[in-house]
Amino acid sequence: MTNGTPSVLDRRALNRALLARQWLLERTTASASDVLEHLVGMQAQAPNPPYLGLWTRVAGFRLDDLAALVRQRRAVRLVLMRGTIHLVTARDCLALRPVLHTSLTRGLSSSFGRQLTGLDLAEVAAEGRRLVESEPLTLGELGKRLAERWPDRDAFALANVVRALEPLVQVPPRGLWGESGQAAHTTAEAWLGEPLSADASARQVVRRYLAAFGPATAADMQTWSGMTRMAAVFKDLRPELAVFRDEKGRELFDLPNAPRPGPGAPAPVRLLPEFDNVLLSHADRTRILTDEQRRLIITRNGLVKSTFLVDGFVAGTWRIDRRKKAATLVLEPFAALKAADREALAGEAERLLAAAADDAGARDIRFEAP
């Protein structure tokens with residue numbers, strides 16, 4: 001800040017700050033559990049993306065490092081930010097779920113309001129808790145059991161009442177690398193043997209969001225979390241935060257000592273998995289991708305493609321094609337790449353493929369024409 005005027009952070013400065021917080025400028029040697037907590041969880045509609053998200057951030061990461069956390073009940077999958085499935089540590093499950101309770105119940109009303117009119121939601125939630133704590137159930141099974149008691153109601157809506165009002169976690173083998181099948185649920189308290197936190201304040205979650213995704217606006221925080229009225233929380237925290245502006249004049253808030261390496265910091269190529277939160281956690285995402293790229297990457301039904309970064313920004317998508325015992329990692333750039341960037345991407349892709357398809361008898365890397 002100069003003469004009382006907040007410093008301006010341009011797009012590249014915001015990009016480098018974000019990548020530094022996300023360990024995408026340089027891999028960390030921290031444990032998988034510590035990284036998962038620093039990132040405030042990882043979006044996890046499918047079981048495998050968090051494994052690849054940690055691989056691209058953690059030096060020496062092995063897939064079983066995360067699988068062990070899930071098997072040992074030190075990490076769980078449940079609905080959290082934005083009403084989407086996230087993989088978080090057990091500690092964060094207990095801490096975050098109360099903070100997000102109101103936003104999750106609001107989402108229930110917007111999605112199933114008419115089907116729930118006149119229904120005692122607390123009664124449904126209590127019955128659902130009893131059922132899943134007796135034995136883990138899929139949402140389909142839970143809805144069917146609930147419909148036996150409320151036969152005039154939609155089974156899917158009933159199951160979602162329980163998922164919104166109760167902290168339902170998905171039990172293994174769901175969440176393990178390469179495992180498939182429907183997710184069975186029980187409550188976080190039953191699975192972890194501990195109660196939810198009594199603190200539902202958003203203040204600490206704002207600080208953690210800034211540590212992982214800042215500098216950011218209150219609107220950015222709302223986009224990441226799915227919560228509302230964040231401007232008041234930022235106003236309350238303002239005396240302890242650093243304040244900047246972006247090139248459009250919007251106020252950006254940050255932790256005073258968080259890394260902001262500057263626009264000239266070198267950024268290596270990186271491969272991001274599907275649903276990576278680095279692409280989903282700001283209202284204005286131009287710090288890492290253009291609006292046009294956003295439409296190419298995020299589908300209408302909410303799927304988010306795997307992407308790769310060149311010089312810190314999204315430059316294309318990638319996928320792994322499996323055929324019998326062979327695996328090919330296919331890179332699809334949005335524009336022609338420099339020779340040095342192609343070489344660096346090929347090397348990174350070879351390393352990722354070796355980790356993700358170690359059972360393949362033959363592995364290959366292929367670039368498709370932009």
Side-chain angles (χ1 to χ4, degrees), residues 7-43 49-61 65-66 207-216 220 224 242 244 246-247 252-282 284-290 293 297 306-318 331 333-334 337-338 340-352 355:
S7 300
V8 174
L9 300 177
D10 65 17
R11 181 177 181 238
R12 287 185 65 88
L14 291 174
N15 173 269
R16 293 322 196 241
L18 174 62
L19 298 186
R21 320 287 171 95
Q22 293 283 316
W23 286 304
L24 293 171
L25 290 182
E26 183 177 355
R27 283 182 167 93
T28 179
T29 57
S31 69
S33 178
D34 286 347
V35 173
L36 198 57
E37 287 204 341
H38 172 77
L39 298 175
V40 204
M42 305 181 81
Q43 192 164 329
Y51 289 82
L52 300 181
L54 289 178
W55 179 91
T56 207
R57 291 171 167 89
V58 180
F61 174 76
D65 294 343
L66 179 55
R207 294 187 189 94
R208 294 187 59 194
Y209 168 75
L210 292 175
F213 297 97
D220 291 328
W224 171 78
F244 304 92
D246 66 13
E247 293 175 296
L252 300 163
F253 298 92
D254 204 4
L255 302 181
N257 298 320
R260 290 180 291 274
V269 300
R270 288 288 186 258
L271 275 67
L272 302 176
E274 298 169 284
F275 305 110
D276 198 292
N277 270 338
V278 77
L279 305 177
L280 301 172
S281 300
H282 299 87
D284 182 350
R285 303 174 200 180
T286 56
R287 69 183 66 196
I288 196 165
L289 77 166
T290 67
Q293 290 169 344
I297 291 167
S306 302
T307 58
F308 61 84
L309 307 180
V310 174
D311 188 31
F313 296 92
V314 168
T317 62
W318 65 272
L331 296 133
F334 293 141
L337 298 169
K338 297 177 181 178
D341 292 331
R342 283 177 64 96
E343 182 179 355
L345 279 168
E348 188 77 349
E350 287 175 2
R351 291 185 287 273
L352 185 147

Legend entry - Contact check, side chains of L352 and W318, non-hydrogen atoms, under 4.5 Å: yes
Legend entry - Gap between atom CG of L39 and atom CZ of R208 - 0.5 Å precision: 9.5 Å
Report all side-chain donor-acceptor pairs from residues 260-272 shorter than 3.5 Å, counting only partners two or more places apart or in another chain.
from : atom 1 : to   : atom 2 : distance (Å)
R260 : NH1    : D254 : OD2    : 2.7
R260 : NH1    : L255 : O      : 3.1
R260 : NH2    : P256 : O      : 3.0

Inset, instruction - Taking ring-ring contact (aromatic ring centres under 6.0 Å, His included) as the test, write out the residues that go with F61, two or more places apart. - result: none
Legend entry - Closest heavy-atom pair and its distance - G60, D65: O-OD2, 4.2 Å
Inset, instruction - Go through the steps to decide whether T286 and L14 satisfy the test side-chain contact (heavy atoms from CB on, under 4.5 Å), and finish with yes or no. - result: CA-CA 9 Å; T286 56; L14 291 174; over 6 Å; no
Legend entry - Separation of L52 CG from R57 CZ (nearest 0.5 Å): 11.0 Å
Legend entry - Chi angles and distances behind the salt bridge (Lys or Arg N to Asp or Glu O under 4.0 Å) call for R16, D311: CA-CA 10 Å; R16 293 322 196 241; D311 188 31; 2.6 Å; yes
Legend entry - Heavy-atom side-chain proximity of L289 to I297 below 4.5 angstrom: yes
Legend entry - Neighbour count >12 (heavy atoms, 6.0 Å) for atom CD, E343: no
Inset, instruction - For the residue pair F334 and T317, establish whether any side-chain heavy-atom pair is separated by less than 4.5 Å. - result: yes
Inset, instruction - With rounding to the nearest 0.5 Å, note down the distance linking OG in S281 to CZ in R287. - result: 10.0 Å
Inset, instruction - Rounded to the nearest 0.5 Å, what's the gap from CG on L36 to CE on M42? Could you check? - result: 7.0 Å
Legend entry - Rounded distance [0.5 Å steps], CG in D246 versus CG in D284: 7.0 Å
Inset, instruction - Quick one: pull up CD in E348 and CZ in F308 and give me the separation to the nearest 0.5 Å. - result: 12.0 Å
Inset, instruction - State, yes or no, whether a side-chain contact exists between V314 and L309 at a heavy-atom distance under 4.5 Å. - result: yes
Inset, instruction - Would you check if P49 and D276 make a side-chain contact, meaning some heavy-atom pair closer than 4.5 Å? - result: no
Inset, instruction - Carefully, step by step, assess V40 and Y209 under the rule side-chain contact (heavy atoms from CB on, under 4.5 Å). - result: CA-CA 7 Å; V40 204; Y209 168 75; 5.7 Å; no
Legend entry - Donor-acceptor under 3.5 Å (R285 side chain, H282 main chain): yes
Legend entry - Parallel, tilted or perpendicular, as decided by the 30° and 60° cut-offs, for the rings of F213 and W224: tilted
Inset, instruction - Find out whether F313 and R12 are in side-chain contact, i.e. whether some heavy atom of one side chain is under 4.5 Å from a heavy atom of the other. - result: yes
Legend entry - For the student: nearest non-hydrogen atoms of T29 and A59, plus distance: CG2-CB, 4.4 Å
